[in-house]
Amino acid sequence: MPLSPGQQLEYIAYLVKNCQKCPLYKSATNPVPGTGNPQAKIMFIGEAPGFYEDQQGLPFVGNSGKLLDKLLDTIQVSRSEVFIGNILKHRPPQNRDPLPEEIKVCTPYLKAQLKIIKPKVVITLGRFALDYFFPNESISRLHGQIKEIVWQDLPLTIIPVYHPSAGLRNGAMLKALQNDFLTIGRFLKN
Ligand code: URA
């Protein structure tokens, strides 16, 4: 019998748990493979686990996650219906930016997750997730836009937004995030 999407995601989580393709596993407490509905229509992709995510092994459970929850509330979407993942599955020390080599060896897990879940809509949170689909594009230009693409034979609607942590630091970015979520909400209604 073929594995169900949930079982396939568990297998990816197992591979992530045992991953030693870059040194981040040495300083991390827990892997954060991502979590949510294996058949989600909407997938959120962040950057990398932070302190609390590393402690709990779950994505977006710290301050950025609390803001993400509020933004989800505004569009009446619950965590249980989406999948939330990251570009990197282990926390970089002191939350530094992901390195190109780390992104290169880690994103095959994300690619596998996307191919298992086959979401219709992907919301990229921040510039590293944007860069995965649109290399060398600027988030200040693309945020809030609805981009229809075919990625690896998969038709995807990508809606890039600023990272919630940017919204926590800067009022203008928070406003932009709130606005972009209104766009997402309207898009999902249609
Ligand atoms: N920031 C991210 O990009 N991902 C998380 O999981 C938490 C914070």
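None of these values were measured; they are calculated from a predicted model. All ligand and atom numbering here is 1-based and tracks the order in the structure.
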statement: Shortest non-hydrogen pair, E47 vs D97, comes out as OE2-OD1, 4.0 Å

task: Among I184, T124, L71, find the residue that satisfies the side chain to side chain contact (heavy atoms under 4.5 Å, CB included) test when tested with V161.
output: I184

- prompt: Do the side chains of I123 and V32 join up, straight or via other hydrophobic residues, at under 4.5 Å, putting them in one cluster?
  reply: no

task: List every atom of ligand 1 that sits less than 4.0 Å from any heavy atom of P59, numbering the atoms from 1 in the order shown and giving each element.
output: 6 (O)

query: Of the backbone atoms (N, CA, C, O) and the side-chain heavy atoms from C-beta on, which set of E47 has a member under 4.0 Å from an atom of ligand 1: side chain, backbone, both, or neither?
result: both

query: Which residue owns the protein heavy atom closest to atom 6 (O) of ligand 1, what's the atom, and how far is it?
result: N86 ND2, 2.8 Å

query: How does A48 reach ligand 1, by side chain, by backbone, by both or by neither, if only non-hydrogen atoms under 4.0 Å count?
result: backbone

Ligand-residue contact atoms, ligand 1 with G46, heavy atoms, under 4.0 Å: 3 (O)

Step-by-step side-chain contact (heavy atoms from CB on, under 4.5 Å) determination, I87 to L110: CA-CA 7 Å; I87 292 291; L110 175 66; 3.8 Å; yes

task: May I ask you to say whether D180 pairs ionically with K175, meaning some side-chain N is under 4.0 Å from a carboxylate O?
output: no

task: Indicate the ring-plane relationship of F44 and F181, choosing parallel, tilted or perpendicular according to the 30° and 60° boundaries.
output: parallel

query: When only distance counts, is H163 in polar contact with ligand 1, meaning an N/O pair under 3.5 Å?
result: yes

Closest candidate by heavy atom, reference atom 7 (C) of ligand 1, pool Q56, R91, E53: E53

